[in-house]
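Worksheet: the structure to be examined is printed underneath.
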Amino acid sequence: MTDQNPLYQDIILEYYEYPRNRGRVEDADACCQGNNPSCGDDLTVSLKVDQATIGPVMWDGHACAIGEASASMMTEAVTSQSADTARAWVKTVRAMITGRGDADETLELGDIESLRVVRNRPARVKCALLAWEAFDEALTLAEAVHARPRESTDA
Amino acid sequence: MIITDKTAPVTEQHSLDVEAIRRDFPILATQVNGHALVYLDSAATSQKPRQMIDALVAYYSGQNANIHRAAHTLASRATELYETTRQKLARFIGAPSPDEVIFTRNSTESLNLVAGSWGTANVHAGDEIIVTQVEHHSNLVPWQVLAQATGASIRVAAIDAHGLVDLDAYRSLLSPRTKVVAITHMSNVLGTIAPVAEMSRLAHEAGAIVVVDGAQSAPHLPLDVLSLECDFFALSAHKMLGPTGVGALWGRRALLEAMPPFLTGGSMIGHVDWDRSTWAPIPQKFEAGTPNIADVIAFGASIDYLEALGMEAVRHHEQEITAYAIATLRERHPAITIYGTDDTSVRGGVVTFNIRNVHPHDISEILDERGIAIRAGQHCAHPLHKILGTGATARASFYLYNLNREVDALSEGLARVETVFRRVIDRPAR
């Protein structure tokens, strides 16, 4: 396409057409919702943390092409990573999209690089970050569940 | 006839000179993203004629003074101008007296005034408040808060498959427990017009009062609050060619006089002692503090503008462009879903739609690149979107300055959306 829309690059449309890891993780350790009341985006991220490794991570719900593509990319980036690496991913994507905070230069952005286009579109920043923020929250919750003494989880 | 008893039959003489009207709206000549602006978001806020803008500038340049207090010339002139808008608005909506028209910040504040003042004094535990499924949050949330504070409950009158209030379902909800019926006159999502007069008669038989959210109807329909038989009617100036920051509430004199004040302080008092005060007569009782004088005065110019065109002509124009939009979009865009009835006799100039598997935000984004402004989202009507079975919708809304060629521009923009999203549109609905 010669007049390809800068926002709707093929890579984003491909992720929108073929979502990755869409659904709910059964018996998830944590589940967090991200929503955007003004435009109706509503995503839920669910995950498990097994010892030091994250996974599986899934997302469900509806959002715009940017929001859904970003959610799929998020699940691919953080699955099988340590909590520290996953947090570095969240920070890096946040920095890339908002221009604020520090990015981890050692991470290979790959397809995620395509989300950089929302940087100059304030209305889309929240869409692109929705799943990442929900994941960040879910990870914190899951860690809290695992940190709890066994007696209290059984109670 | 559902709209009002004042609706005149539509004739040739009711056509608007839209090209001439457009020259009165400076913003319509601006460029957005390198394209001529196509403004299809008047249900969110209307654009403004230079007559209103000039009145605002004239007030601050030559008339500015506080009202209802000082004896100097400027103050009395400002007071007179402010009260003139009240008279104009009373006439515009068919209110029997300007005293029954209260200026607020917007429709939302007007509805909060009724819920907070009349509601707190009259609604008790076990009472019921009926709302319809098309309510904007502004005519739902204040009633929820009142219900929670008093122990009353909310009942919801269903709409039918065309988005029109199901009168049988509504009738079955009415009972001696019903204290308030809160109705959106024209839905900001579906454009559907509620049969307010009939609903009011039934509500009154049950002993309830009727509160109408007219934010979407006042700008677009010939209005007569007495023919609507309601008890309160709320509107916002900014949706009817006026400035932001001004709304109004009309209420029946006996109700307003019996109600406690909503906000208290300066201007709304009779006598003030250390431990008690008396209230000013209506409307001052409900206008505490210095009001939005400049914008109320400028709003007078907006009412003049609408009256000069004639609301029958405005309504007729919008019915025509709405019918054209529905027909055009449906014919050229097979993947489109348009919500609400096709019958423009009970529908205003709002066309809410979805394109299969494409999120409304993406539709809006691609249209914006071509200078076309529509709204995407839930339009402050989250519960209604659950009923429609969709997370969000795209909405094009029309006003007296829109032309069929702007509908064509919308259609061309949607063709571009279809090109970008071709592959997902061709898949089964998600």
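Here is the naming used below: chain letters follow the sequence lines, and residue numbers restart at 1 for every chain.
Side-chain contact between B:H359 and A:D41 is present, with at least one heavy-atom pair separated by less than 4.5 Å. Residues B:H361 and A:C127 are in side-chain contact: their nearest non-hydrogen atoms beyond the backbone lie under 4.5 Å apart.
Residues B:D362 and A:R124 are paired through a salt bridge, judged by an N-O separation under 4.0 Å between the basic side chain and the carboxylate.
Taking chain B as the reference chain and counting heavy-atom pairs below 4.5 Å, the highest number among A:H62, A:E68, A:E17 is found for A:E17.
Proximity to chain A (any heavy atom under 4.5 Å) is shown, for B:H385, by neither the backbone nor the side chain. Of the atoms belonging to A:Y16, heavy atoms from both backbone and side chain fall under 4.5 Å from chain B.
Rounding to the nearest 0.5 Å places NE2 of B:H382 at 10.0 Å from CG of A:D42. For the atom pair A:L7 CG and B:E365 CD, the distance stands at 5.0 Å (nearest 0.5 Å).
Within a 6.0 Å radius of CG in B:N33, other residues, nucleotides and ligands contribute more than 12 heavy atoms. A:R20 CZ: more than 12 foreign heavy atoms inside a 6.0 Å radius. For B:Q31, the CD atom counts as densely surrounded, since its 6.0 Å shell holds more than 12 non-hydrogen atoms of other residues, nucleotides or ligands.
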